[in-house]
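Structure record follows, encoded as structure tokens.
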Amino acid sequence: MRDQYGREINYLRISLTDRCNLRCGYCLGSGPVRWLPEETLLTDGELCAVVSAAAELGISRLKLTGGEPLLRPGLPELVRRLYEIPGIEDITLTTNGLLLPEQAEKLAEAGVSGVNISLDTLNRASYAALTGTDGLERVLEGLDAALCAGFSHVKVNCVSGEGITDRNPAEVAELARTRQVWVRYIETMPLGQGKNYAPVARAALMKELEERYGPLTPVNERGNGPAVYYSVPDFAGLVGFISPCSAPFCDGCNRLRLTADGWVKPCLQYQGTVNLRELLRAGASGEMLKAALSAAIRSKPKGHRFAEDQAQTGLERRGMSAIGG
Ligand code: SAM
């Protein structure tokens with residue numbers, strides 16, 4: 001289905017839980033968190049009902065996210081059920097990687113085609129300071145488990161914000177030198193704790209990478225999303241940039257989001273327009289879900305408003321973990 005600006009909406013990001021086993025400074029932070037009550041999370045059956053309705057409107061690709069999606073019990077079985085829905089062609093997920101060593105193979109067998117692993121530093125102490133967990137070794141094990149499991153692509157997401165830690169984000173590109181992974185740098189967005197960290201623009205990172213590794217050459221690779229990719233001399237993989245602040249890509253945005261508690265969000269930065277959990281639990285039919293989803297697609301805003309006053313009405317108050325990043 002197309003939205004009012006002619007954009008084809010074919011991609012749904014589904015948050016499976018708001019819970020996370022990390023406390024990244026720019027995301028959940030280290031303060032107290034109020035998790036969603038368990039009973040407000042969409043069940044597997046409810047998720048399948050929503051995805052069936054969405055698929056009838058042209059959604060063909062799903063990204064499973066969170067919180068940390070690997071914390072959701074029975075994830076491989078849920079993936080199998082989602083794949084059985086007519087119209088669903090591709091399911092990928094994004095994870096912090098801590099639970100991948102034991103789950104990568106099962107997820108690949110269930111049909112997950114690709115994984116994004118969030119990793120912001122290769123320095124053990126910086127990782128622990130940033131995330132609140134001494135887990136770098138586990139994530140690197142998870143990365144290798146993902147590479148062995150046979151996903152068609154493994155990407156690393158590195159958030160680049162000023163002063164997140166004393167880490168050097170350019171170092172993370174090292175992973176793409178020796179492995180077939182695509183390392184993508186994502187600018188911090190002013191959501192949740194991310195408001196406290198100004199984004200590091202693409203140009204500054206590119207300069208640093210070029211000084212370290214040699215010229216970056218644009219390549220024509222495209223995934224589901226807005227990343228722009230470059231090859232690097234002697235690298236097995238690629239580096240990429242997702243720059244929602246310095247190079248917004250809203251004109252080509254193809255996505256809708258579903259929060260773990262059932263809100264449909266037509267844009268990351270805007271509040272949800274309708275709660276499908278409430279509709280489902282009041283007995284809504286597939287047609288009613290489709291009508292609610294179509295209305296959400298029609299109301300998709302032209303673009304985000306990261307540059308404006310974040311206190312405006314209608315804008316998202318929750319952080320990335322609750323929204324589903
Ligand atoms: N736990 C999973 C993971 O680590 O990929 C999925 C959820 S996490 C919220 C998804 C991505 O959002 C991660 O790569 C994280 O680094 C990123 N993220 C969180 N807050 C952000 C912010 N304010 N700006 C940009 N990216 C952010």
Side-chain angles (χ1 to χ4, degrees), residues 13-30 33 35 62-72 75 92-100 103-104 107 112 114-121 126-127 130-133 135-136 138-139 142-143 146 154-165 167 169 172 181-202 205 223-227 240-246 248-249 255 257-260 265 268-269 304 306 310 315-325:
R13 288 179 79 99
I14 303 177
S15 173
L16 297 179
T17 174
D18 63 326
R19 287 161 176 71
C20 192
N21 43 0
L22 291 181
R23 301 296 296 269
C24 300
Y26 55 79
C27 190
L28 274 171
S30 53
V33 183
W35 305 116
L62 306 178
K63 171 84 75 196
L64 306 180
T65 177
E68 173 48 43
L70 270 54
L71 290 175
R72 182 153 176 134
L75 182 54
T92 55
L93 63 80
T94 177
T95 170
N96 59 35
L98 283 176
L99 298 174
L100 267 181
Q103 293 196 32
L107 291 167
V112 171
V115 292
N116 296 355
I117 299 173
S118 303
L119 180 55
D120 300 327
T121 174
S126 298
Y127 183 92
L130 171 63
T131 64
T133 299
L136 177 64
R138 286 281 297 165
V139 181
L143 175 66
V154 177
K155 299 174 186 167
V156 169
N157 287 344
C158 175
V159 171
S160 56
E162 298 284 358
I164 284 181
T165 59
R167 81 220 162 100
V172 179
V181 301
W182 298 1
V183 172
R184 296 117 50 90
Y185 292 96
I186 305 179
E187 291 176 349
T188 39
M189 292 175 270
L191 291 156
Q193 302 296 323
K195 289 179 184 145
N196 304 324
Y197 302 96
V200 176
R202 182 188 304 189
L205 274 168
N224 274 337
F241 300 90
I242 301 178
S243 317
C245 304
S246 64
F249 36 80
R255 58 189 62 179
R257 292 168 188 270
L258 180 66
T259 67
K265 284 173 62 69
L268 178 66
Q269 201 198 2
H304 66 61
F306 288 158
Q310 302 300 312
L315 296 188
E316 186 56 77
R317 300 267 176 277
R318 308 205 268 184
M320 285 291 254
S321 185
I323 299 169

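First listed ligand is number 1; within each ligand, the first listed atom is number 1.
- Note that CZ of Arg138 and CG of Leu99 are 6.5 Å apart. Values are rounded to the nearest 0.5 Å.
- The distance from atom CG of Leu22 to atom CG of Asn96, rounded to the nearest 0.5 Å, is 4.0 Å.
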Write 'none' if nothing qualifies; otherwise put on separate lines each N/O atom of ligand 1 with a protein N/O atom under 3.5 Å away and their distance to 0.1 Å.
{"from": "ligand 1", "atom 1": "1 (N)", "to": "Gly67", "atom 2": "O", "distance (Å)": "2.9"}
{"from": "ligand 1", "atom 1": "1 (N)", "to": "Glu68", "atom 2": "OE1", "distance (Å)": "3.0"}
{"from": "ligand 1", "atom 1": "4 (O)", "to": "Asn96", "atom 2": "N", "distance (Å)": "3.4"}
{"from": "ligand 1", "atom 1": "4 (O)", "to": "Ser118", "atom 2": "OG", "distance (Å)": "2.9"}
{"from": "ligand 1", "atom 1": "5 (O)", "to": "Thr94", "atom 2": "OG1", "distance (Å)": "2.6"}
{"from": "ligand 1", "atom 1": "5 (O)", "to": "Thr95", "atom 2": "N", "distance (Å)": "3.3"}
{"from": "ligand 1", "atom 1": "5 (O)", "to": "Ser118", "atom 2": "OG", "distance (Å)": "2.7"}
{"from": "ligand 1", "atom 1": "14 (O)", "to": "Ser118", "atom 2": "OG", "distance (Å)": "2.7"}
{"from": "ligand 1", "atom 1": "16 (O)", "to": "Tyr26", "atom 2": "OH", "distance (Å)": "2.8"}
{"from": "ligand 1", "atom 1": "23 (N)", "to": "Met189", "atom 2": "O", "distance (Å)": "3.0"}
{"from": "ligand 1", "atom 1": "24 (N)", "to": "Met189", "atom 2": "N", "distance (Å)": "2.8"}

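- Between the side chains of Glu68 and Thr95, at least one donor N or O lies within less than 3.5 Å of an accepting N or O.
- Every residue two or more places apart in sequence or in another chain that forms a side chain to side chain donor-acceptor pair (under 3.5 Å) with Arg202 is listed here: Ser243.
- In terms of heavy-atom proximity, Glu187 sits nearest to Pro244 at OE1-N, 3.6 Å.
- Note that CD1 of Ile117 and CG of Leu93 are 9.0 Å apart. Values are rounded to the nearest 0.5 Å.
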